Amino acid sequence: MKFLIVFALALATASAFDLRGAHIEPRDIFVDTEGRITNGKDASAGQFPYQVGLSLKVSSTSSSWCGGSLIGNKWVLTAAHCTDGISSVTVYLGATTRTSPEVTHTVSKSDIIIHSGWNANTLKNDISLIKIPSTSYTTKIKAVKLPAIASSYSTYAGDTAIASGWGRTSDSSTAVATKLQYAEMKVITNSVCQSTFGSTITSSNICVSTPNGVSTCNGDSGGPLVLKSSSVQIGLTSFGSAAGCTKGYPAAFTRITSYLDWIKTQTGISY
């Protein structure tokens, strides 16, 4: 479930590419729009009922895949870099096998709200919302919990979190996964993450370590990062190293607590 940022200096010459297809834009120097879970585990049916798959129509001949999370009967949370420039999206709900969802909804770009501060060059405010027809909850379809709106929050550094998605399962994979994957990862401090990504990491990001090649990667973008202890979503997949997803560099996410007021304003959802 990942993406890429070509970080200055050490990897200034590393190549980056748009994994959504032939559609190339200037921002693709920085971001790989399809992350994946590498060296993860197969999810069981209903294990992650909030997990959403997104088939994104970029043009009449080009499409891409991202992840997302169901945060309410009518709302899906994902990354801005997934929905930027698309014409429509088909939302997959209740799927473990990617091609066998319980429910699908196809909506147009008019149902997508991209954060007004989204910047494709700096990767700031990488968050968006998709409005879908009201969907009934089942054992396989259920909204994820968001953090409570509060005056201050934990950094979550040292906590174990779970990322999930259908992104590619290795750097050599040529397609997204068929079975939903998940991986447990440790949240690290932003200062440690900045040693890799520099000033691209701000207070609105949250990062995890990726030892033993366990990481998010291409195809997982927009997917949820959820605390193991409480099942509360604390991040959504944003970007990672252009060197590859299994190289041991941190993976970066959009920090949900930085956007709770924005989510509430757009959707009415709060905790």
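Nothing here was measured: the structure is a model prediction, and the numbers come from that model.
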- Indicate whether any N or O donor in one side chain lies under 3.5 Å from an N or O acceptor in the other, for Thr97 and Thr99. no

- Message: Within this structure, what is the CG-CH2 distance for the pair Leu54 and Trp65, rounded to the nearest 0.5 Å?
- Response: 7.0 Å

- Set of ring-ring contact (aromatic ring centres under 6.0 Å, His included) partners for Tyr259, sequence neighbours left out: His115

- Donor on one side chain, acceptor on other, Ser230 and Lys145, under 3.5 Å: no

- Spacing of Glu184 atom CD and Ile162 atom CD1 [to the nearest 0.5 Å]: 5.0 Å

- Just how far is it from atom OH of Tyr182 to atom NZ of Lys228, taken to the nearest 0.5 Å? 9.0 Å

- Indicate yes or no for a side-chain donor-acceptor contact from Trp75 to the backbone of Ser69 under 3.5 Å, with no hydrogens or angles considered. no

- Task: Say whether Lys186 and Thr160, considering side chains only, have a donor N or O and an acceptor N or O under 3.5 Å apart.
- Result: yes

- Note on the structure: Output for pair (Thr83 OG1, Ile112 CD1), nearest 0.5 Å, gives 5.5 Å

- More than 12 heavy atoms of other residues, nucleotides or ligands under 6.0 Å from NZ of Lys131: is that the case? no

- Would Ser238 and Asp126 count as having a side-chain donor-acceptor pair, cut-off 3.5 Å? yes

- Message: Under a 3.5 Å distance rule, please check whether Tyr137 uses its side chain to pair with a backbone N or O of Asn73 as donor and acceptor.
- Response: yes

- Have Thr78 and Ser128 got a donor and an acceptor in their side chains that come within less than 3.5 Å? no

- Without hydrogens or angle criteria, can the side chains of Thr106 and Thr90 be said to hold a donor-acceptor pair below 3.5 Å? yes

